[in-house]
There are 2 protein chains.
Amino acid sequence: MSAGGKITSIDVARLAGVSQSAVSRVFTPGASVAPKTAAKVRAAAKALGYRPNSLARAMITGKSRIIGLVVAYLDNQFYPVAIEKLSHALQNKGYHVLLFMASNTAGEMERLMEDLLAYQVDGIITASVAISNDVTRRCADAGIPLVMFNRGQPGSGLSSVTSANALGGRKVAHFLVAGGHRRIAHISGWQGASTGRDRARGLFEGLAEAGLEPHAAIDGLYDRATAAAAAHHMMQAATPPDAIFVGNDHMAFAVIDALRAIGLRVPQDVSVVGYDDVPMAAWGAYDLTTVRQPLARMVEATVETLLAQIEDPARAAQSIEIDAPLILRGSARQPGEAP
Amino acid sequence: MSAGGKITSIDVARLAGVSQSAVSRVFTPGASVAPKTAAKVRAAAKALGYRPNSLARAMITGKSRIIGLVVAYLDNQFYPVAIEKLSHALQNKGYHVLLFMASNTAGEMERLMEDLLAYQVDGIITASVAISNDVTRRCADAGIPLVMFNRGQPGSGLSSVTSANALGGRKVAHFLVAGGHRRIAHISGWQGASTGRDRARGLFEGLAEAGLEPHAAIDGLYDRATAAAAAHHMMQAATPPDAIFVGNDHMAFAVIDALRAIGLRVPQDVSVVGYDDVPMAAWGAYDLTTVRQPLARMVEATVETLLAQIEDPARAAQSIEIDAPLILRGSARQPGEAP
DNA sequence: GCCATCTTTGCATACGAATGCATTAAAACA
DNA sequence: TGTTTTAATGCATTCGTATGCAAAGATGGC
């Protein structure tokens with residue numbers, strides 16, 4: 001039915017018997033058009049199947065209404081779900097998401113940045129811990145509003161939205177101590193980024209408050225294999241830990257698998273606690289006690305912050321932390337349960 | 001350092017002492033420019049931090065080099081991983097991905113389509129089984145090349161890339177029969193789309209070849225809760241199945257959880273086979289025997305088909321099926337093992 | 001019914017880059 | 001060296017829409 005040929009506002013104008021400007025105004029919220037004219041135009045537009053060309057509009061207005069979303073690995077279920085919610089939220093605000101998969105090779109990053117700028121994105125969200133500092137800096141230098149999701153960068157002057165990672169780590173410490181654990185180890189998230197560091201720090205502080213030292217601590221690099229190896233290694237020590245706090249759920253699953261593989265029972269032999277509360281954490285096979293990142297609120301805050309910065313570029317960057325509750329499930333012995 | 005102010009080809013031209021056309025040609029592969037001029041221009045461009053504006057370029061050329069990627073739910077790990085690979089493949093070809101999350105409400109879909117067209121995408125990939133037929137039709141009507149990933153639509157004249165679903169189902173039938181199972185049930189993928197139907201059909205045909213009838217069959221709608229309920233229901237029958245083929249891994253995990261929850265052992269009491277071979281299928285907690293969708297090859301075929309159609313719009317649609325091998329793990333009793 | 005005020009509307013231009021055409025500079029050839 | 005061919009460049013126009021400005025129309029007050 002509709003020909004493949006491009007239909008422009010001029011075609012619509014011709015059919016409706018008005019000027020091109022009139023057509024434009026009908027599709028520009030807040031512009032001055034007589035209701036009668038608008039009706040004619042809309043009718044003509046519908047008849048022709050006309051759609052305003054967003055790209056042309058972007059040129060004129062200088063706003064593309066495109067947000068660049070930079071992510072790295074989607075294996076960790078936390079990110080797909082975050083992407084889903086971010087997309088929806090942005091779509092609701094009339095923005096669209098240009099997706100960039102970032103491999104972390106230097107050359108790739110370079111190209112990615114170029115592309116991000118070339119497409120005139122109005123703002124950027126980096127939804128991955130593994131984005132290099134350098135990249136975030138360059139985006140900011142280019143004057144494009146940027147919000148880091150699930151990662152902070154202290155002193156960078158960039159906005160970020162995270163859960164209260166340190167507090168979350170501390171909650172885990174208190175919970176495990178209250179549950180009677182005394183040899184509490186940590187397989188941390190990558191220590192190259194604040195997220196992993198803060199969770200570790202929180203744990204250690206919490207332990208210190210109870211007069212405990214961390215029994216062991218290894219950087220799991222957010223990598224399943226690394227985490228599994230770390231767990232394996234810890235359990236072969238002369239005095240193995242009686243609980244392991246793992247830096248995120250994604251690694252925690254690998255840790256549980258690794259423990260079971262060597263015949264250990266969770267939580268009878270070792271308690272395991274994760275961080276994120278991805279949907280999978282609630283699944284029967286893992287039933288993971290974990291700290292919930294309140295995704296909906298984090299997304300809301302991210303979008304709100306970004307759009308505010310787009311509207312007012314002079315606005316100061318903000319670092320938002322959202323409280324993360326501990327979710328009790330079966331992978332860790334609870335206070336009052338028999339050891 | 002670089003001012004937020006927009007730098008255009010005219011600025012570069014001025015600094016390099018050439019015309020705007022010259023600058024354009026330097027950044028247009030295949031255009032005729034003297035090496036000396038190119039060098040001057042590149043130097044000036046670098047000095048100013050100039051990047052060609054993709055949006056402006058898109059207007060002139062009529063090609064945005066943007067691909068619309070429409071997805072629905074990202075809970076099923078198959079899709080995030082697919083998105084990751086699709087993005088990378090398209091980025092390598094110089095395309096970019098505009099991501100659309102489709103809730104399946106009618107109104108939403110309408111808006112989504114409008115947006116897809118408004119952004120002048122060069123092509124569309126629908127990476128979800130749950131996209132309505134209607135939507136795909138309308139994209140095609142608009143004359144935009146479209147490839148359906150992981151779903152076919154027989155007789156639609158649209159391109160699709162899937163694994164050989166029917167054959168996959170048949171492989172499962174043969175495998176389960178060879179393993180000594182006789183009461184083989186199916187919790188299928190959504191029967192509203194070809195993917196789920198073909199897998200079911202393949203299973204049934206395979207069973208028929210062995211002189212067997214399906215022991216039971218319920219539509220799991222690709223939904224965890226539905227699948228779990230179905231499994232529960234099946235096992236409470238007077239003669240429960242001794243094997244269940246589940247329409248995808250995502251549901252299969254739920255089924256295994258449900259079975260274990262009522263004290264059944266997998267595979268000793270019931271064998272479970274999935275479809276997809278998502279990374280999680282290999283994890284210790286499930287160790288799922290499943291049919292592997294060869295993601296890399298599917299992505300490759302999808303991108304290739306789409307780009308071919310973009311280059312030559314007259315090109316006929318094609319339905320590509322890629323062979324899917326059965327991956328043997330621990331969730332199903334194997335031929336030769338004791339029952 | 002007339003003038004002041006507020007809406008509508010069209011005209012013309014701008015956004016930033018690509019490209020056909022004509023012109024000029026350089027290279028190739030005799 | 002002169003002429004033909006080829007490569008390089010600039011000019012002007014184009015893509016589709018938004019918007020300032022001025023003119024025209026509608027509305028209201030008295």
Quiz prompt | Whole-Å gap separating P (D:dA7) and NZ (B:K36) | solution = 17 Å
Quiz item: Got a donor-acceptor pair under 3.5 Å from the side chain of B:R25 to the base of D:dG10?
Solution: yes
Quiz item: If you check every side-chain atom of A:K6, which of D:dT17, D:dG16, C:dA17 has the closest atom?
Solution: D:dG16
Quiz prompt | A:K40 atom NZ: more than 12 heavy-atom contacts under 6.0 Å | solution = yes
Practice problem: Assess the pair B:Y50 and B:F27: is the distance between their ring centroids shorter than 6.0 Å? | Solution: yes
Quiz item: Side chains of B:N150 and B:Y79: is there a donor and an acceptor less than 3.5 Å apart?
Solution: yes
Quiz item: According to a strict under-4.0 Å criterion, is A:S24 in side-chain N/O contact with OP1 or OP2 of D:dT17?
Solution: no
Quiz item: Is the number of heavy atoms from other residues, nucleotides or ligands within 6.0 Å of CD (B:E304) greater than 12?
Solution: no
Self-check item: First encountered from the 5' end of DNA chain D, between B:A38 and A:I10
Solution: B:A38
Quiz item: Whole Å only: how far is the CD atom of A:Q20 from the P atom of D:dA18?
Solution: 8 Å
Self-check item: Between C1' of D:dT14 and NZ of B:K63, the distance in whole Å
Solution: 17 Å
Exercise. Grab the CZ-C1' distance between A:F27 and D:dA18 for me, whole Å please.
Key: 14 Å
Exercise. In whole angstrom, give the distance that lies between atom CE of A:M59 and atom P of D:dC15.
Key: 13 Å
Quiz item: Between C:dG10, C:dG16, C:dT8, which nucleotide has the shortest distance from any of its atoms to the side chain of A:A22?
Solution: C:dG10
Quiz item: Looking only at side-chain N and O atoms, does A:Y50 come under 4.0 Å of OP1 or OP2 in D:dT17?
Solution: yes
Self-check item: Length of the CZ-P vector between A:R14 and D:dT17, whole Å
Solution: 13 Å
Quiz prompt | Steps toward side-chain contact (heavy atoms from CB on, under 4.5 Å) verdict (B:R65, B:S54) | solution = CA-CA 9 Å; B:R65 298 195 78 79; B:S54 298; over 6 Å; no
Exercise. Verify the contact: side-chain N or O of A:S32 to OP1 or OP2 of C:dT8, cut-off strictly under 4.0 Å; return yes or no.
Key: yes
Exercise. Ignoring backbone atoms, establish whether B:S9 has a side-chain N or O less than 4.0 Å from OP1 or OP2 of C:dA17.
Key: yes
Quiz prompt | Nearest-Å distance for atom pair CZ/P, residues B:R51 and C:dA17 | solution = 11 Å
Exercise. Report the distance from atom CG of B:L55 to atom C1' of D:dA18, rounded to the nearest whole Å.
Key: 15 Å
Self-check item: N or O in side chain of A:T8 less than 4.0 angstrom from D:dG16 OP1/OP2
Solution: no
Practice problem: Return the 5'-most residue of the pair A:P35, A:S21 with respect to DNA chain C, ranking by each residue's nearest nucleotide. | Solution: A:P35
Quiz prompt | Comparing B:I60 and B:V18 on DNA chain D - which has the more 5′ nearest nucleotide | solution = B:V18
